[in-house]
> 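Got a structure for you, questions after.
Order of the sequence lines sets the chain letters (A, B, ...), proteins ahead of strands, with each chain counted from 1.
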Number of protein chains: 2
Amino acid sequence: MRGESTPRLREALEEDIVAGHLRPGQRLDEVSLAARFEVSRTPIREALIQLAASGLVEIRPRRGAFVVLLGPRALIESFELMAEIEAACGRLAARRATPEDRAALAAAHAACAAAVADADAARYYPANAVFHQAIYAATANRVLAEEARRLQVRLQPYRRLQLRVPRRMEASFAEHEAILAALLAGDGAAAAEHLRAHVLVQGERFMSLLGALQAETDADAEAG
Amino acid sequence: MRGESTPRLREALEEDIVAGHLRPGQRLDEVSLAARFEVSRTPIREALIQLAASGLVEIRPRRGAFVVLLGPRALIESFELMAEIEAACGRLAARRATPEDRAALAAAHAACAAAVADADAARYYPANAVFHQAIYAATANRVLAEEARRLQVRLQPYRRLQLRVPRRMEASFAEHEAILAALLAGDGAAAAEHLRAHVLVQGERFMSLLGALQAETDADAEAG
DNA sequence: AGGGGAGATCTTGCATACATGATCTTGACT
DNA sequence: AGTCAAGATCATGTATGCAAGATCTCCCCT
């Protein structure tokens, strides 16, 4: 067997979780996964441990591994942390962005604009992620950028639901405009504030959506 | 063998690294560790993977595990990230600290004061860590607090060297006074600024210390 | 004498085996 | 009929075995 199957497994599982193929709360059985990927339990276990460390999976001793299901409180707190991290990125990026960084930011913003023009939400969300990653890169701080990226991945499974929030895409894009302007103007404080608000409002809208979905689910449960 | 040896191993290794028993850059041989802890390689491997995820260890494929040795650039970036995280903690803690949180902050500060009065650096540094953790706790955001704690642990092996910076303890304590005052006054912006500066200055002093030590080592190498 | 390469040795990465704790099933009792 | 307990069943946690890559050594060649 050629080596290095663990990284492949980790990426495949991460992809499945982030893409929503594996739902939050779902149990991840080592034996089934081993069968599915045609490897032994050992590399599966190692991949699961890594995913647990990155916050996508929770391992309960002797009980198994589960796709992390963030409760309302943990979700709020995670969005708050994300808001602070992104604000920090904005502060630093505004001061340090190189001409290349600025070009990348503008290009990512343009990609978002194209998606908005086509009202193509399925294209907007990846473009949005790229825009944010361009901000991380412009901080010239890889440790910070990596931290931001990890949090982004961790929240990805929940962001997907936002596709259902009406007119969220247009609102998000308008916020991006203000963020980009502040960044290009080198105004760190403004960029930080716009980013903080941008992420927090996402979190809030998401939470209210979650409440609506929960009510819906409860109603279904009663009806059924 | 009764189960659950991996968490114990992880903590023991983390302790050894943070306490400086295992030096940055040192190789961690699975077989030796297994012999030392009287377990098989399997739980050792799993503990190492977890430590790699928390940033204390680096695993190079097919090459083995090494205690992470942050280069100058990564160190600067890590301190910068820490400064931003702590600033965020300060902002939120100033607004949200409960009476219990305030009491804990005051108590931690008093412990620092006692160590300063006795000029006892060995006691000051743990007390300092407790003070900062009290700030994290006061944010009422466990996700953020956990993130801060993880970074604190990650930088711990390097902070130890600061014991050698002259009058650093007094300077640190003076900065704590300003931080505590802002927190108790509910002034989030001031608390954030004081904390950011506090951590950044730590990082800067640390880096210059590192430069001095490096020069010393080089001189020794030439002399030897 | 120094550098490079072939073979030996060692370590990691993965597979498999086994034991213990968790879960599920079944049956008895209230 | 419902509940609880004991046994069966199963999954996890750990140990051990094995193959392949990395490192080290030593010798040959320039």
> If you draw the axis of the six-membered ring of B/F66, does the NZ or CZ of B/R60 fall within 45° of it and under 6.0 Å from the ring centre?
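Flagged: B/R60 positioned over aromatic ring of B/F66.
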> Please report the distance, rounded to the nearest Å, between CD in B/E30 and C1' in C/dT11.
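Distance, rounded to whole Å: 8 Å.
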> Given C/dT11, C/dG13, C/dA22, identify the nucleotide with an atom nearest to the side chain of B/R27.
C/dT11
> To the nearest angstrom, how far is A/I59 atom CD1 from D/dG13 atom P?
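Result: 7 Å.
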> When you measure from the side chain of B/R41, which nucleotide among C/dA15, D/dC18, C/dA17 comes out closest?
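That would be D/dC18.
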> Quick check on B/R23: does its CZ atom have over 12 non-hydrogen neighbours (other residues, nucleotides or ligands) under 6.0 Å away?
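Counting other residues, nucleotides and ligands, CZ of B/R23 stays at 12 neighbours or fewer.
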> CZ of B/R60 versus P of C/dT12: gap in Å, rounded?
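Going from B/R60 (CZ) to C/dT12 (P), I get 13 Å.
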> Taking 4.0 Å as the cut-off, does a side-chain nitrogen or oxygen of B/R45 come that near to OP1 or OP2 on C/dG13?
yes
> Would you mind telling me which of C/dA15, C/dT11, D/dA15 lies closest to the side-chain atoms of A/T42?
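Ranking C/dA15, C/dT11, D/dA15 by closest atom to the A/T42 side chain puts C/dA15 first.
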> Using whole Å, report how far CD1 of A/I49 lies from P of C/dG13.
13 Å
> Taking the six-membered ring of A/Y136 as reference, does the cationic atom of A/R149 (NZ for Lys, CZ for Arg) lie under 6.0 Å from its centre and within 45° of its axis?
no
> On DNA chain C, nearest-nucleotide positions of A/P61 versus B/A65: which is more 5'?
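With A/P61 and B/A65 compared, the 5'-side residue is B/A65.
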> Select one nucleotide: of D/dT12, D/dA15, C/dA15, the one nearest the side-chain heavy atoms of A/S40.
C/dA15
> With a 4.5 Å heavy-atom cut-off, do B/L144 and A/E77 have their side chains touching?
no
> Checking all strands, does A/R63 fall into the base, sugar-phosphate, or nothing category for heavy-atom contacts under 4.0 angstrom?
sugar-phosphate
> Rounded to the nearest angstrom, tell me the gap between atom CZ in A/F37 and atom C1' in C/dA15.
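So the two atoms are 18 Å apart, to the nearest Å.
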> Given side chains that start at C-beta, do those of A/H198 and A/E86 come closer than 4.5 Å, heavy atoms only?
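Answer no - side chains too far apart.
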> Taking atom C1' of D/dA22 as reference, at what distance in whole Å does atom CG of B/D29 sit?
14 Å
> Does A/S5 have a side-chain nitrogen or oxygen under 4.0 Å from the phosphate oxygens OP1 or OP2 of C/dG13?
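No.
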> Could you tell me the separation between the CD atom of B/E38 and the P atom of D/dT14, rounded to a whole number of Å?
15 Å
> May I have the distance from A/R8 (atom CZ) to C/dC14 (atom P), rounded to whole angstrom?
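In whole Å, C/dC14 P lies 9 Å from A/R8 CZ.
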